[in-house]
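Remarks on the structure that follows.
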Amino acid sequence: MNSLYNHALKQSHTLQKDLNKFASGQDASAGLQGQISASFNAFQKSIDDYDTIAKRELVAAKREVALIRVTKFRHDVQDMKTQFETIKRQQETLQNEQNREHLLARRPNKTSAPEHPFQPMSRLALATREQNFTESSESQLDDFITQAHTLLENLTDQHTILKKTQKKLLDAANTLGLSQNVIRFIERRTAQDKWIFIGGLILTVLLMWAISHYLK
């Protein structure tokens, strides 16, 4: 089940990168748009497959975590589809505006020539280039934050599973009448895992702050 989750997560990141490329104007070709549409279909299939396997998971804690991930995947794919449609409309509007400016530039003026005949096109190109740079920077920042958020979710999920596993182990130890030394060993090991989790959580938060601070 983890391999299918990692595959779906990789599809999500790849799809978001293609959307960022399309939004920044680096590639607005029909080929990229077709690739994005195909990626949506493949990503949706992976989500459905992961959902089916998650519902069959026998361990309640793992099943709960998997179903939460499915819900997040479905929310993400809907947001990306909305983003894709919005970008397509923006690209069409920009293309129509450029065509209009091009036609106006080619139209002869019988009265008087403007002082700067290509100035409107230059302003449009400058505004477009500035918008693309801003969107590209924001997209890179979003990628870093998404990866850090995913790492934080994984750490939280592992911590939840470890807590439930500890409780089951202690209950089993008491039932089987194991010695207090064994029980104390289990508790010490659990405490070590807890500190490892806290350290990883702090490191992740610091990493997210550093990325957000230095890329703004």
NZ/NE/NH1/NH2 to OD/OE distance under 4.0 Å, E92 and R89: no
Charged N-O contact under 4.0 Å between D48 and R74: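 Yes.
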K55 atom NZ, over 12 foreign heavy atoms within 6.0 Å: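 Open: at most 12 neighbouring heavy atoms sit under 6.0 Å from NZ of K55.
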Enclosure of R100 CZ (heavy-atom neighbours >12, cutoff 6.0 Å): no
L9 with I53, same ILVMFWY side-chain cluster at under 4.5 Å: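 Same cluster: L9 reaches I53 through Ile, Leu, Val, Met, Phe, Trp or Tyr contacts under 4.5 Å.
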Common cluster, V77/L67, ILVMFWY with side-chain heavy-atom separation under 4.5 Å: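 V77 and L67: separate clusters.
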Identify the heavy atoms of [X] and [Y] that sit nearest to each other, and give their distance.
X: I87; Y: L19; value: CD1-O, 3.8 Å
X: Q11; Y: F43; value: OE1-CA, 3.7 Å
X: A54; Y: R63; value: O-CG, 3.1 Å

Polar side chain donor-acceptor pair, Q16 to N20, under 3.5 angstrom: yes
Hey, what do you get for [atom1] ([X]) to [atom2] ([Y]), rounding to the nearest 0.5 Å?
X: D18; Y: Q26; atom1: CG; atom2: CD; result: 11.0 Å
X: D49; Y: Q44; atom1: CG; atom2: CD; result: 10.5 Å
X: Q33; Y: D27; atom1: CD; atom2: CG; result: 9.0 Å
X: Q83; Y: F22; atom1: CD; atom2: CZ; result: 10.5 Å
X: S39; Y: M80; atom1: OG; atom2: CE; result: 9.5 Å
X: L94; Y: N99; atom1: CG; atom2: CG; result: 9.5 Å

side-chain contact (heavy atoms from CB on, under 4.5 Å) between W195 and I198, worked out: CA-CA 5 Å; W195 285 112; I198 294 175; 4.1 Å; yes
Side chain proximity check, [X] to [Y], heavy atoms < 4.5 angstrom:
X: L15; Y: K81; value: no
X: I36; Y: F40; value: yes
X: H13; Y: K10; value: no

Mutual orientation of the aromatic rings belonging to Y5 and F73 [parallel < 30°, tilted 30-60°, perpendicular > 60°]: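 Rings of Y5 and F73: tilted, as their planes differ by 30° to 60°.
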